[in-house]
Trainee: 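Before we start, here is the structure in question, set down as structure tokens.
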There are 2 protein chains.
Amino acid sequence: MANQFKEYLQKYGIKPSTIRIKILDYFYHHRTHPTAEEIYQALLAELPTLSRASIYNTLDLFLSRGLLKTLPTEDRETHYDMNLDFHGHFECEKCGKIYDFSPPAFEHSPQELQGFVIHSKEMYYRGICAPCLHKKP
Amino acid sequence: MANQFKEYLQKYGIKPSTIRIKILDYFYHHRTHPTAEEIYQALLAELPTLSRASIYNTLDLFLSRGLLKTLPTEDRETHYDMNLDFHGHFECEKCGKIYDFSPPAFEHSPQELQGFVIHSKEMYYRGICAPCLHKKP
DNA sequence: CTAAATGCAAACGGTTTGCAATGCT
DNA sequence: AGCATTGCAAACCGTTTGCATTTAG
């Protein structure tokens, strides 16, 4: 398993290290959209001397290499998402939960971006999720 | 002109006020993706006693009513965008410029969101823009 | 041995907050 | 007057920074 992560990192031109593999592992097993603090708290058990700075360093590195992206949440803290296959996000304005969804197929790509190189795509919807719609107020 | 903004605010259930109209006016005339500070600096000339807190208050109000949304920039500061008609954003990873584009048409909407109410959609692309691609390094 | 990665603690700065002042009806 | 809006200044807290320490090859 750890070997897969190593290869994955190398594919993005990143030298493997303990923290880098652990963070990758975190995303792989949680499939959520965590904040830096959530990752920090989760890894603290295994890496007692871990510092937040190292989390931020690693997240920034991953961002710059396109391994992660940030979500346009209205939270104070930044939420990160792993850039695996292209998928969309729906944020419920009532309960705050973020849902993933598979993206609708496009009929064609935008003309304004002719000649642009696209590294990542993000779709972010906001609204009210079905569970919240059916809750009594 | 100011009357249009009043009506627009009321449509969103917001009582018009000087600052609210000015900020709306700013977005209407600039069509950019400004930070709170940029708006503050721009309005300071006309409203000398303006405070940043009022800018943040108003932006938060607009966000909560769906008049504005935030963009998933990697900047330290939050970038805001007016939620007019649905359009996408492309952020150049080299020069940082944010381009608008008209969204590609969808073949159908995602099944995972059946029964959800969608208030806003955001498409955010990242990559390298054509001008940067043609620049000499 | 050397360079990169990690940790620590302090500083930073965008944003938030509490409350006073002002404006509006 | 009474309530909402705005302004001010201080606090907050997520993030960044500089540098010391550790780790890996």
Side-chain angles (χ1 to χ4, degrees), chain A residues 2-3 5-6 9-10 12-26 33-65 67-81 96, chain B residues 2-3 5-6 9-10 12-26 33-65 67-81 96:
Chain A
N3 270 334
F5 293 140
K6 276 192 196 176
L9 287 169
Q10 279 158 351
Y12 280 86
I14 298 172
K15 263 206 289 185
S17 79
T18 306
I19 293 183
R20 290 169 188 173
I21 292 174
K22 290 281 182 200
I23 292 186
L24 214 50
D25 186 284
Y26 180 92
H33 315 92
T35 62
E37 183 65 19
E38 284 169 351
I39 300 173
Y40 173 71
Q41 292 300 337
L43 300 196
L44 206 51
E46 307 170 66
L47 308 172
T49 65
L50 183 64
S51 77
R52 287 183 178 80
S54 302
I55 299 288
Y56 283 112
N57 280 342
T58 308
L59 291 175
D60 288 348
L61 175 66
F62 284 5
L63 279 179
S64 70
R65 300 300 171 89
L67 236 131
L68 295 180
K69 60 190 170 193
T70 59
L71 300 186
T73 317
E74 277 160 33
D75 277 21
R76 192 194 192 87
E77 298 175 71
T78 303
H79 286 256
Y80 298 86
D81 180 54
Chain B
N3 270 333
F5 293 140
K6 277 193 196 175
L9 287 169
Q10 280 158 350
Y12 281 86
I14 297 172
K15 264 205 289 185
S17 78
T18 306
I19 293 183
R20 292 170 187 172
I21 292 175
K22 290 280 183 200
I23 291 186
L24 213 52
D25 186 285
Y26 180 92
H33 315 92
T35 62
E37 183 65 19
E38 284 169 352
I39 300 172
Y40 172 71
Q41 292 300 338
L43 300 196
L44 206 52
E46 306 171 66
L47 308 172
T49 66
L50 183 65
S51 77
R52 279 177 246 270
S54 302
I55 298 288
Y56 283 111
N57 281 342
T58 307
L59 291 175
D60 288 348
L61 174 67
F62 284 4
L63 279 178
S64 69
R65 300 300 171 87
L67 234 129
L68 295 181
K69 61 189 170 193
T70 58
L71 300 187
T73 317
E74 278 160 34
D75 277 22
R76 192 193 193 87
E77 300 174 71
T78 304
H79 286 256
Y80 298 86
D81 180 54

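Chain identifiers are assigned alphabetically (A, B, ...) following the order of the sequence lines, protein sequences preceding nucleic acid strands; residue numbering begins at 1 within each chain. Computed from heavy atoms alone, side chains included, the values below leave out hydrogens, waters and symmetry copies. Everything numeric here is computed off the predicted structure, so don't read it as measured data.
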Trainee: Atom CD1 of B:I19 and atom C1' of C:dT22: how far apart are they, to the nearest Å?
Mentor: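 Computing the B:I19:CD1 to C:dT22:C1' distance gives 12 Å.
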Trainee: Evaluate the side-chain proximity of B:R20 to B:I14: yes if any heavy-atom separation is below 4.5 Å, no if none is.
Mentor: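 When only atoms from C-beta onward are counted, B:R20 and B:I14 do touch, with a gap below 4.5 Å.
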Trainee: Is there side-chain contact between A:Y40 and A:I23, with heavy atoms separated by less than 4.5 Å?
Mentor: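 Counting from C-beta outward, A:Y40 and A:I23 never come under 4.5 Å.
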Trainee: Hey, where on DNA chain D does chain A first and last touch, going 5' to 3'? Cut-off is any atom under 4.0 Å from a heavy atom.
Mentor: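 The contacted stretch runs from D:dC12 to D:dT17.
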Trainee: What I'd like to find out is whether the side chain of B:I19 reaches to under 4.5 Å of the side chain of B:L50, using heavy atoms alone.
Mentor: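 A side-chain contact exists here, since the closest heavy-atom pair is under 4.5 Å.
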Trainee: By nearest heavy atom, map B:T18 and A:A36 onto DNA chain D; which one lands nearer the 5' end?
Mentor: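 Checking each residue's closest nucleotide, the 5'-ward one belongs to B:T18.
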Trainee: Please state how far atom CG in A:L44 lies from atom C1' in C:dG7, giving the value in whole angstrom units.
Mentor: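 Rounded to the whole Å, the gap is 12 Å.
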Trainee: Decide yes or no for B:P34 and B:Y26: does some side-chain heavy atom of the first lie under 4.5 Å from some side-chain heavy atom of the second?
Mentor: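 Yes, close enough: below the 4.5 Å cut-off.
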Trainee: Can A:R52 and A:E37 be counted as an ion pair, charged N to O under 4.0 angstrom?
Mentor: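 Judged by the 4.0 Å cut-off on N to carboxylate O distance, A:R52 and A:E37 do form a salt bridge.
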Trainee: Does atom NZ (A:K22) have a neighbourhood of more than 12 heavy atoms from anything else shown, all under 6.0 Å?
Mentor: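 No.
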Trainee: Taking OP1 and OP2 of C:dT6, is either one under 4.0 Å from a side-chain nitrogen or oxygen of A:S17?
Mentor: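 For C:dT6, OP1/OP2 do have a side-chain N/O of A:S17 under 4.0 Å.
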Trainee: In Å, rounded to the nearest 0.5 Å, how long is the span from CG of B:L67 to CG of B:L61?
Mentor: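 It is 8.0 Å, given to the nearest 0.5 Å.
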Trainee: Counting only heavy atoms and a strict 4.0 angstrom limit, can you tell me which residues of residues 71-80 of chain B come near DNA chain C?
Mentor: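 Those residues are B:R76, B:E77, B:T78.
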Trainee: How about B:L71 and A:P72: do any of their side-chain heavy atoms sit closer than 4.5 Å?
Mentor: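 Not in contact.
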Trainee: Could you give the CG-to-P distance, from A:L43 to C:dT6, as a whole number of Å?
Mentor: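 In whole Å, C:dT6 P and A:L43 CG are 12 Å from each other.
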Trainee: Contacts to DNA chain C from residues 53-62 of chain B, heavy-atom cutoff under 4.0 Å, which residues?
Mentor: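 Result for residues 53-62 of chain B: B:A53, B:Y56, B:D60, sorted by number.
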Trainee: Specify the closest pair of heavy atoms between B:L63 and B:L68, including all atoms of both residues, with the distance to one decimal.
Mentor: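 For B:L63 versus B:L68, the nearest heavy atoms are CD2-O, 3.5 Å.
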Trainee: Does the B:H79 side chain pair with the main chain of B:H33, one donor and one acceptor, at a distance under 3.5 Å?
Mentor: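 Indeed, once roles are kept as given, a pair shorter than 3.5 Å links the two residues.
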Trainee: Is any side-chain heavy atom of A:L59 closer than 4.5 Å to a side-chain heavy atom of A:Y80?
Mentor: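 Result yes, sub-4.5 Å side-chain heavy-atom pair found.
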Trainee: Which whole-number value in Å describes the distance from A:I21 CD1 to C:dT6 C1'?
Mentor: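 Those two atoms, CD1 and C1', are 15 Å apart.
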Trainee: Separation of A:K15 atom NZ from C:dT6 atom C1', in whole Å?
Mentor: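 My rounded result for the distance is 13 Å.
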